[in-house]
Amino acid sequence: MLIGRPADIRPSDITPEAVHQARRRFLRQGAVALGAAAAAPWGHAETEAPNSWEEITSYNNFYEYSPDKRAVAALAQNLNPHPWSVSIEGEVARPRTLDIDQLVREFRPQQRIYRLRCVEGWSMVIPWDGIPLADLLNQAQPTSRARYVKFVSLLDPARMYGQRRPTLPWPYTEGLTIAEAMHPLTLLATGLYGKPMPNQNGAPLRLVVPWKYGYKSIKSIVAIRLEEHLPATTWPQVAPGDYGFYANVNPRVALARGTQSRENRVGELRKRETLLFNGYADQVAQLYAGLDIDKLL
Amino acid sequence: MPGWISTSFYSLLVLPAVIVGIEAWRGTLGTNPLERLIREPGHWALVFLLCSLAITPLRHAGVRVARLLALHQGRRLADWNRIVRLRRPLGLACFGYALTHLALYVTLDLGLDAGELVDDVRHKPFVLAGLTCFMLLLPLAVTSTDAWMRRLKRNWKRLHWLVYPAGVAALLHFVWLSKPGVTGPYGYVAVLVALLGYRLAVRWWPGGAHVPITDDEVPERTVGER
């Protein structure tokens with residue numbers, strides 16, 4: 001069941017935030033009244049108050065601009081994400097390159113309110129607009145050898161100042177198993193709060209994998225490549241003890257830089273407990289059936 | 001020292017707390033208030049710790065400048081030793097901010113949960129370094145009074161040597177808590193290395209110890225006016 005599947009959200013079809021908020025409130029009250037909240041498929045994030053637009057767009061981890069979360073918004077204004085194309089390539093029967101506007105027209109973005117948990121220990125609730133990654137992959141028809149999906153960010157030091165320093169090996173890359181990529185929670189986000197994706201949040205197209213630490217949710221994607229072998233991705237190359245490939249949110253497992261048992265929901269003055277799979281265990285635990293998730297970094 | 005100078009100096013020491021307090025009151029702490037509330041006092045504790053370590057090199061520098069300019073004005077113009085009186089308030093300000101930092105961490109971050117503290121100490125080296133630093137600063141703050149100076153005599157100076165390992169622990173805390181790619185802490189590391197390196201240089205280089213300075217605290221304090 002999808003809550004509030006809007007007809008069509010195109011970049012040209014922007015809902016004013018006040019209207020949007022009123023609609024969210026209405027939906028939330030409606031869901032509670034119907035007793036449907038408990039049955040909401042997206043881990044109940046729908047019932048939590050989302051962080052404000054200001055919070056979401058002023059506190060960004062985006063090393064392509066700066067490691068300083070508060071500096072990213074200003075530095076990212078230099079990115080003009082139009083035109084923008086993304087290629088679906090590798091182990092697929094129908095590789096193609098899509099323009100971002102074409103993508104939005106073809107696959108109608110839906111609204112999804114997800115929790116985002118950063119490995120640094122903070123979290124937010126964010127109303128994304130996006131398309132299920134599975135829709136795009138199914139159209140490209142992965143071959144039998146496609147076992148992993150690799151994502152690549154834009155490499156352009158002229159527009160992304162942070163790339164002029166060797167903080168990370170550029171371009172930023174991420175990866176998922178094919179099962180994770182095809183999971184209905186996995187979203188290719190094109191906007192938030194009904195507006196096109198702000199530059200600092202990964203314009204024009206980013207991944208959102210809500211049960212994994214935030215660094216998996218790669219921003220400003222230019223290529224999606226299906227591969228046979230586990231791809232080498234950015235953070236595990238830089239700091240293998242701190243960052244793994246799977247990176248499922250797990251309060252039981254301390255990463256090298258610290259425990260992950262609690263989190264700072266941005267805006268709250270007390271920390272709260274971190275939930276296994278960031279609260280999406282009911283939806284995703286079966287992806288790891290038979291595996292020891294405490295050992296799966 | 002004229003009254004207005006020490007008054008404005010003390011005001012300077014509490015200014016960061018006042019600013020953050022006002023911002024907290026007005027709700028303008030920024031996107032992540034919890035993070036800001038915990039980090040600001042920690043930052044100012046470090047700043048004032050480094051300032052207190054800068055007093056001795058500044059005294060030496062003052063004396064050298066005075067000699068270079070052949071200023072033989074007795075102890076009036078050339079007497080930079082007076083700035084040693086800034087060191088106690090700086091040290092106490094450092095401790096005050098460190099205590100606030102620790103208290104906010106224990107209440108807001110840990111939620112007064114001892115089990116979480118044990119977990120943090122086990123899994124986060126920077127927490128261990130921070131606690132070590134606080135434990136080193138604690139006896140220094142307690143023995144900062146004139147009465148303790150007289151009681152401990154020469155041992156007072158030996159005890160207060162602990163400020164050096166405290167400085168090292170503070171910076172380990174800062175460096176270890178910072179994520180990859182963040183270079184801010186290394187500026188502070190450079191300052192500490194310079195301040196500690198100066199002391200080694202004075203001690204080991206031939207002629208370095210000949211800077212004429214009056215002895216440290218004890219005589220100065222017992223003579224002290226004010």
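Just so it is clear: chains get the letters A, B, ... in the order the sequence lines come, proteins before strands, and each one is counted from 1.
There is a side-chain donor-acceptor pair under 3.5 Å between Ser261(A) and Glu116(B).
Within residues 61-74 of chain A, the residues having any heavy atom less than 4.5 Å from a heavy atom of chain B are, in residue-number order, Asn61(A), Tyr63(A), Pro67(A), Lys69(A), Arg70(A). Proximity to chain B at a heavy-atom threshold of 4.5 Å picks out nothing from residues 198-220 of chain A. When the heavy atoms of residues 263-270 of chain A are compared with those of chain B, the residues falling under 4.5 Å are Asn264(A), Val266(A), Gly267(A), Glu268(A), Leu269(A), Arg270(A), listed by number.
Looking at Leu29(B), neither its backbone nor its side chain comes within 4.5 Å of chain A, counting heavy atoms on both sides. For chain A, the nearby part of Thr183(B) is the side chain; its heavy atoms alone come within less than 4.5 Å.
For the salt bridge (charged side-chain N to carboxylate O under 4.0 Å, His left out) condition, the pairs that include at least one residue of residues 159-187 of chain B, sequence neighbours left out, are Glu120(A)-Lys179(B).
By the 4.0 Å N-to-carboxylate-O rule, Arg262(A) lies too far from Asp119(B) to be salt-bridged with it.
Counting heavy atoms of neighbouring residues, nucleotides and ligands inside a 6.0 Å radius, atom CZ of Arg164(A) exceeds 12 of them. Around atom CZ of Arg39(B), no more than 12 heavy atoms belonging to other residues, nucleotides or ligands sit under 6.0 Å away.
Using a 4.5 Å heavy-atom cutoff, the side chains of Leu108(B) and Lys271(A) are not in contact.
Counting heavy-atom pairs closer than 4.5 Å to chain A, the top-ranked of the candidates Val127(B), Thr31(B), Thr107(B), Leu177(B) is Thr31(B). Interface remark: of the candidates Gly30(B), Gly111(B), Pro180(B), Pro180(B) forms the most heavy-atom pairs closer than 4.5 Å to chain A.
Rounding to the nearest 0.5 Å places CG of Asn32(B) at 4.0 Å from OH of Tyr59(A).
Scanning all heavy atoms of the two residues, the minimum distance from Lys124(B) to Thr259(A) falls at CE-N, 3.5 Å.
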